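See structure below.
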Amino acid sequence: MIWSHADRLRFDRIIETLEKNFSIEMGSSYTPFEVLISTILSQNTNRDNTTKAFERLKEQFKITPQELASADLEEIKRCIKPAGLYNAKARRIRKVARIIWEQYDGDLSKILNLPTSEARNMLLSLPGVGRKTADVVLSFCTNKGTFPVDTHINRIAKRLRWVEEKAGYEEIRHFFEDMVSEKQRKKVHLVLIEFGRKVCRAKNPHCKTCPIREDCQNENICQ
DNA sequence: CTCCGGCGAG
DNA sequence: CTCGCTGGAG
């Protein structure tokens, strides 16, 4: 897909409008390992359930490779139950903790400090870490962030005709990485997620009150 | 492609 | 009660 100057202006105008309408907290004093674990918990899971599971896990364990590597599997399952898919997630969390503890001296930054594409590939080799999770960790824990594509981002990019309907993960990721500078990516990502949750929802989107309805070229969504 | 799953909105 | 939410692995 070819992008004209006008397309870029429209993209920038939309992002600017969304930033004014959706406040986000960029706080988070999470360690990279905590980001990794909470992102694994968040897979296929809404935010409330993810937060509940992470807090419960944090009550029982220090969220460190050392502590989780030797944790009892059933105990992890019990803690993270609210996130769903807990059998698979518990196994993956402990396995990831063991790999980081044994192969990286318990220091995830040994992966994150590598050049971006190497770091991404190392993350992808961990159990339970796919493209979205790897990109979230890179985006939130380094300055050379990639752009994570979750279902909100996927849906919004297609509704706004930024990418074609059949575009896959990597195509959408590259679109955003082309359009958004590295230091803006985290913020733009969070703003789009908020927009996707509050307004441009999967079901019953609030098109009538959408702040960017003038710039939306999708006529088939509004009820 | 299917399976894994608690949770809350409808 | 049903069902959509929402990624990775086999």
Side-chain angles (χ1 to χ4, degrees), chain A residues 22 24 30 32-60 68 73-100 108 111 119-141 145-159 163 165-176 185-186 189-209 220-221 223:
Chain A
F22 299 94
I24 49 161
Y30 287 124
F33 187 71
E34 287 176 324
V35 172
L36 175 58
I37 297 305
S38 66
T39 307
I40 290 175
L41 287 175
S42 80
Q43 291 163 4
N44 263 25
T45 303
N46 68 45
R47 190 137 83 190
D48 290 347
N49 293 348
T50 301
T51 304
K52 197 178 298 178
F54 187 72
E55 290 306 317
R56 285 169 52 124
L57 189 64
K58 205 168 179 176
E59 283 171 19
Q60 291 300 314
L68 288 179
L73 196 58
E74 297 306 314
E75 187 68 8
I76 299 180
K77 287 183 190 176
R78 197 180 59 71
C79 293
I80 69 173
K81 210 147 209 168
L85 309 176
Y86 52 87
N87 283 301
K89 287 176 180 176
R91 246 185 296 277
R92 291 167 188 171
I93 284 171
R94 192 171 68 172
K95 186 75 176 163
V96 164
R98 287 182 174 175
I99 291 173
I100 305 227
L108 185 54
I111 292 178
R120 189 167 190 266
N121 285 332
M122 299 301 297
L123 290 169
L124 288 175
S125 74
L126 299 171
V129 180
R131 293 172 297 193
K132 190 262 184 173
T133 302
D135 289 327
V136 167
V137 173
L138 287 172
S139 159
F140 282 78
C141 302
T146 48
F147 199 100
V149 180
D150 67 5
T151 58
H152 293 297
I153 303 290
N154 177 68
R155 183 175 67 250
I156 292 165
K158 288 174 181 175
R159 281 183 180 167
V163 299
E165 191 57 37
K166 61 181 179 185
Y169 187 98
E170 295 298 322
E171 188 180 340
I172 301 176
R173 175 167 76 92
H174 285 123
F175 166 79
F176 283 101
R185 281 175 197 163
K186 185 170 149 185
H189 178 253
L190 289 173
V191 165
L192 287 173
I193 301 283
E194 273 311 287
F195 174 56
R197 292 183 63 238
K198 301 269 180 55
V199 176
C200 200
R201 306 186 301 182
K203 266 185 73 177
N204 302 324
H206 294 175
C207 298
K208 297 277 188 287
T209 56
N220 305 316
I221 299 286
Q223 326 90 309

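Note that the structure is predicted; figures quoted are calculated from it, not measured.
- Donor-acceptor pairing under 3.5 Å is lacking for the side chains of A:His152 and A:Arg197.
- When distances run from any side-chain atom of A:Ala88 to the nucleotides C:dG7, B:dC7, B:dG5, the shortest one goes to B:dG5.
- Straight-line distance from the CZ atom of A:Arg47 to the C1' atom of B:dG6: 18 Å, rounded to whole Å.
- Nearest-nucleotide positions on DNA chain C for A:Ser42 and A:Arg92 put A:Ser42 closer to the 5' end.
- Here the side chain of A:Thr45 pairs a donor or acceptor atom with the backbone of A:Ala83 at under 3.5 angstrom.
- Residue pairs that meet the salt bridge (charged side-chain N to carboxylate O under 4.0 Å, His left out) test with at least one member in residues 147-158 of chain A, sequence neighbours left out, do not exist here.
- The CD1 atom of A:Ile193 sits 14 Å away from the P atom of C:dC5 (whole-angstrom rounding).
- Residue side chain A:Thr45 does not reach the base of B:dG6 through any donor-acceptor N/O pair under 3.5 Å, judged by distance alone.
- As judged by a 4.0 angstrom heavy-atom cut-off over every strand, A:Leu126 is placed among residues touching the sugar-phosphate backbone only.
- For the OP1/OP2 pair of B:dG8 and a distance below 4.0 Å, the side-chain nitrogens and oxygens of A:Lys52 include at least one atom meeting the criterion.
- Annotation for A:Lys77: atom NZ counts as buried by contact number, over 12 foreign heavy atoms lying within 6.0 Å.
- Across all strands, A:Asp48 comes closer than 4.0 Å to no nucleic acid atom at all (heavy-atom distances).
- Atom C1' of nucleotide B:dC7 and atom CZ of A:Phe54 are separated by 20 Å, given to the nearest angstrom.
- Counting only heavy atoms from C-beta outward, the side chains of A:Leu123 and A:Ile111 approach each other to under 4.5 Å.
- Atom CZ in A:Arg91 sits about 14 Å away from atom C1' in C:dG8, given to the nearest Å.
- Atom CD1 in A:Ile40 sits roughly 19 Å away from atom P in B:dG6 (whole-Å rounding).
- When the P atom of B:dG5 is taken as reference, atom CG of A:Asn44 falls 11 Å away, rounded to whole Å.
- The side chain of A:Gln43 lies closest to C:dG8 when the candidates are C:dG8, B:dC7, B:dG5.
- For the pair A:Leu192 CG and C:dT6 P, the interatomic distance rounds to 14 Å; values are reported in whole Å.
- The shortest distance between the side-chain N/O atoms of A:Lys132 and the OP1/OP2 oxygens of C:dG7 is below 4.0 Å.
- Heavy atoms of A:Gly84 sit under 4.0 angstrom from at least one base atom.
- A sub-4.0 Å separation between OP1 or OP2 of B:dG5 and a side-chain N or O of A:Asn87 is present.
- With respect to A:Arg47 and A:Glu194, a salt bridge is recorded, a charged nitrogen being found less than 4.0 Å from a carboxylate O.
- Of the two residues contacting DNA chain C, namely A:Ala202 and A:Arg131, the nearest-nucleotide position lying further toward the 5' end is that of A:Ala202.
- Between A:Asp150 atom CG and C:dG4 atom P the separation is 19 Å, expressed in whole Å.
- Phosphate contact (OP1/OP2 of B:dG6, side-chain N/O of A:Tyr86, threshold under 4.0 Å): present.
- The side chain of A:Thr133 lies closest to C:dG8 when the candidates are C:dC5, C:dG8, B:dG5.
- Atom name P, nucleotides C:dT6 and B:dG10: the rounded distance is 14 Å, in whole Å.
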